[in-house]
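Below: the structure, in structure tokens.
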Amino acid sequence: MTGCHRIRWGRMSTTSVVFSRATGRDVRVRFCPSPTGTPHVGLIRTALFNWAVARHHGGAFVFRIEDTDAARDSEQSYAQLVDALSWLGLDWDEGVGVGGPHEPYRQSERGALYLEVIDKLKAAGHVYESYSTAEEIDARNEGSGRPKQHGYDNFDRTLSTQQRAEFRAEGREPALRLRIPDELDLSFTDLVRGDISYPAGGTTDFVVVRPNGAPLYTLVNPVDDALMGITHVLRGEDLLPSTPRQIALYHALIDIGVTTFVPRFGHLPYVMGEGNKKLSKRDPESNLFLHRERGFIPEGLLNYLALLGWGFSADRDVFSREEFFTAFEVSSVNPNPARFDHKKAEAINGAHIRALSAADFTGRLVPYLESAGIVSTPITAAQEAVLAEAAPLVQERVSVLSEASTMLAFLFVDASGLSYEDGVIAALPAGAPAVLTAAHAALDRMPGREWRHDRIEEALRGALVDGLGLTPRAAFGPVRTAISGRRVSPPLFESLQILGKPESLARLDRLMAQFGSPHPLG
RNA sequence: GGCCCCAUCGUUUAGUGGCCUAGGACACCGCCCUCUCACGGCGGCGGCGCGGGUUCGAAUCCCGCUGGGGUCACCA
């Protein structure tokens, strides 16, 4: 599988350039975002797949920050990136925060390293001074009948010493471009797409250093990968067209002794939003933290993200983190774009929520209930006791944790504070007052020590179903509304048990009062 | 426009020449379970973009077309 290209290196030498053939523990992958904005699910999916490759092979996962754009980078964004990876449990072996043999791991702190490489590149003739401005390049293309988008024409490659001196005399400062040998074939075998061919001569020289001396992403990204010994580069599909340029740079880096191999590349499919457009940063669904706020648990979101372009098996799509990286193979990543489907995502998340132990689930609910104002912040011991009983009632009813707030709210207020869902009272059947009266009587008759859901059910069934000859639906509907204020609620008898007898009777009283019924048992 | 990538149910994915009258999941629709809603169970709806080849045989291989996307920065 390892590609090996024999290439002629211009007039300098004939070199045998090999792509990495690292396997097992020698595999080194990286995640190298720029800290601009909130973590995007597509970006995190890329991190996830890289992490999975490292864990699958027992290799290393390197976390590097590409903060070379002072205008757009922010410390807040950096913190969010760390937060996102940590939350999902994507731990890194080397990189920011944990250190490692290739420190520093923030590009903003690696300037001296780049300068050194640039000097070597210059000395070996791999880069040259380019004075062309964008306007001049366009003008030359138009003048010679080429489309404007043709791009750079390698004009400055052949500038004489004299011409360079003249430009300098005009006060112009040169950018540095990589000289790509005309006869260099830049094809490669993509880890997810197979052979991709970029014939010799199809790639023009590109800028690697700004006139002010600042190295660009085009240089710094491959240089750091080379310096850090990265063997497999998994990144977004949008970077596919820049791969031939990077391979050309690698040839130069090998020539000057910075590294000895070219990493293998794998281009991951886009994560799409609505329509045929890539999920944009503006789209709320792209925001990882919004999903967390909605109540995705890390296990669930990780599982769903893994499904974006990959499949666990033919008949299963719910799996654990360990099962994921054990089964993951880059070669089985699907090359076509995946659409982010929040319905499916929530279904997967719901499956993970149901798999939680009751205690674990209960604990994870707390922050959501606190921020929704359902319980105090921090939660009181009394509220915690109610929650411990109530949480299991909703565990199989939610697919995201935030849903529990509306389901559980009625348990954390008293009868007078209970709010009724819109239209719920109007929707009650004509016989509702009679049902409520009978229910009240039956419950009131129960000794307090028997106030358990099974006995409550017995009492209510006896009075309403057997006594009034109602269907269970007609019998319990009005009671449910009185107790929860809603049409749909957690299991009724268990809810009554949690509320206790006095509170339950108070709620029945309150709803009966709405109908002007006489107070039972005066 | 040049170059590059992609193409199986609505969505996602299985399928690497015969196991496919194309399998699973989500969504949707029925039914069952049932105190509501869920969960769970059962069933249904629904797909290989088109045209040529290769082959005894093609969703699978080749070519073309069509469609979609990306990229052509002194941004990353």
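Each chain gets a letter, A, B and so on, in the order its sequence line appears, and its residues count up from 1.
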Listed nucleotide nearest any side-chain atom of [X], set [options]:
{"X": "R480(A)", "options": "C5(B), U36(B), C39(B)", "answer": "U36(B)"}
{"X": "K344(A)", "options": "A76(B), C26(B), C39(B)", "answer": "C26(B)"}
{"X": "P472(A)", "options": "C35(B), C39(B), A7(B)", "answer": "C35(B)"}
{"X": "A338(A)", "options": "U13(B), A7(B), C26(B)", "answer": "U13(B)"}
{"X": "D315(A)", "options": "G24(B), A25(B), A7(B)", "answer": "G24(B)"}

>> What does the B/S/- profile of nucleotides 64-75 of chain B look like, 5' to 3', with a 4.0 Å heavy-atom cutoff to protein?
In response: ----SSSSB-BB
> Any idea which heavy atoms bring Q107(A) and V220(A) closest together, and the distance?
Replying inline: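 Scanning both residues completely, I find the closest heavy atoms to be NE2-CG1, 2.8 Å.
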>> Is it the case that the side chains of T36(A) and R72(A) hold a donor-acceptor pair, with the cut-off being a distance below 3.5 Å and no angle test?
In response: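 Looking only at side-chain atoms, T36(A) and R72(A) do not form any donor-acceptor pair under 3.5 Å.
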> Side chains of R486(A) and T406(A): is there a donor and an acceptor less than 3.5 Å apart?
Replying inline: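 Distance-only check fails for R486(A) and T406(A).
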Expressed in angstrom and rounded to an integer, what is the separation of [X] atom [atom1] from [N] atom [atom2]?
{"X": "F188(A)", "N": "C5(B)", "atom1": "CZ", "atom2": "P", "result": "9 Å"}
{"X": "E346(A)", "N": "A25(B)", "atom1": "CD", "atom2": "C1'", "result": "16 Å"}
{"X": "I483(A)", "N": "C37(B)", "atom1": "CD1", "atom2": "C1'", "result": "17 Å"}
{"X": "K281(A)", "N": "A76(B)", "atom1": "NZ", "atom2": "P", "result": "14 Å"}
{"X": "F340(A)", "N": "U12(B)", "atom1": "CZ", "atom2": "P", "result": "13 Å"}
{"X": "N221(A)", "N": "A76(B)", "atom1": "CG", "atom2": "P", "result": "10 Å"}
{"X": "L428(A)", "N": "U36(B)", "atom1": "CG", "atom2": "C1'", "result": "13 Å"}
{"X": "H352(A)", "N": "A25(B)", "atom1": "NE2", "atom2": "C1'", "result": "13 Å"}

> When the nearest nucleotide of RNA chain B is assigned to D67(A) and to R473(A) on a heavy-atom basis, which residue is associated with the more 5' position?
Replying inline: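 The residue closer to the strand's 5' end, by nearest nucleotide, is R473(A).
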>> Quick check on RNA chain B: between D195(A) and D317(A), whose nearest nucleotide comes earlier from the 5' end?
In response: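 Residue closer to the 5' terminus by nearest nucleotide: D195(A).
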Rounding to the closest angstrom, what is the interatomic distance between [N] and [M] at atom [atom1]?
{"N": "C9(B)", "M": "G46(B)", "atom1": "C1'", "answer": "5 Å"}
{"N": "C33(B)", "M": "U21(B)", "atom1": "C1'", "answer": "34 Å"}
{"N": "G67(B)", "M": "U8(B)", "atom1": "C1'", "answer": "16 Å"}
{"N": "C20(B)", "M": "C42(B)", "atom1": "C1'", "answer": "24 Å"}
{"N": "G30(B)", "M": "C39(B)", "atom1": "P", "answer": "15 Å"}
{"N": "C5(B)", "M": "G47(B)", "atom1": "P", "answer": "31 Å"}
{"N": "G53(B)", "M": "G2(B)", "atom1": "P", "answer": "29 Å"}
{"N": "U60(B)", "M": "U54(B)", "atom1": "C1'", "answer": "13 Å"}

>> So that I know where these two stand, are H291(A) and F340(A) an aromatic pair - ring centroids less than 6.0 Å apart?
In response: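 Under 6.0 Å, so yes.
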> Would F19(A) and F265(A) count as a close aromatic pair, with their ring centres under 6.0 Å?
Replying inline: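 Ring centres of F265(A) and F19(A) not closer than 6.0 Å.
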> Can a donor-acceptor pair under 3.5 Å be found between the side-chain atoms of R397(A) and the base atoms of C37(B)?
Replying inline: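 Check passes, donor-acceptor contact within cut-off.
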>> Would you compute the distance between atom OH of Y217(A) and atom OG1 of T68(A) and round it to the nearest 0.5 angstrom?
In response: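 Output value for this atom pair is 10.0 Å.
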Does the side chain of [X] get closer than 4.0 angstrom to OP1 or OP2 of [N] through an N or O atom?
{"X": "R316(A)", "N": "A25(B)", "answer": "no"}
{"X": "R64(A)", "N": "A76(B)", "answer": "no"}
{"X": "R339(A)", "N": "G10(B)", "answer": "no"}

Categorize [X] for me: base, sugar-phosphate, or nothing, with a 4.0 angstrom heavy-atom threshold over every strand shown.
{"X": "S34(A)", "value": "sugar-phosphate"}
{"X": "T243(A)", "value": "nothing"}
{"X": "G350(A)", "value": "nothing"}
{"X": "P491(A)", "value": "base"}
{"X": "E403(A)", "value": "nothing"}

Please name the nucleotide paired to [N] by Watson-Crick or G-U wobble geometry with both distances under 3.5 Å, or report none.
{"N": "C50(B)", "value": "G64(B)"}
{"N": "A25(B)", "value": "U11(B)"}
{"N": "G1(B)", "value": "C72(B)"}

>> Do the side chains of E237(A) and K278(A) get close enough for a salt bridge, i.e. N-O under 4.0 angstrom?
In response: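 Looking at E237(A) and K278(A), the cut-off is not met.
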> Could you go step by step and tell me if F63(A) and Y105(A) meet the ring-ring contact (aromatic ring centres under 6.0 Å, His included) rule?
Replying inline: CA-CA 7 Å; F63(A) 181 23; Y105(A) 289 92; 9.4 Å; no
> Is the number of heavy atoms from other residues, nucleotides or ligands within 6.0 Å of CD (Q76(A)) greater than 12?
Replying inline: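 No - once you tally the heavy atoms of other residues, nucleotides and ligands closer than 6.0 Å, there are 12 at most.
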>> My understanding is that only one of L219(A), D119(A), V208(A) makes a side-chain contact (heavy atoms from CB on, under 4.5 Å) with V127(A); could you say which?
In response: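 When side-chain contact (heavy atoms from CB on, under 4.5 Å) is applied between V127(A) and each of L219(A), D119(A), V208(A), only V208(A) qualifies.
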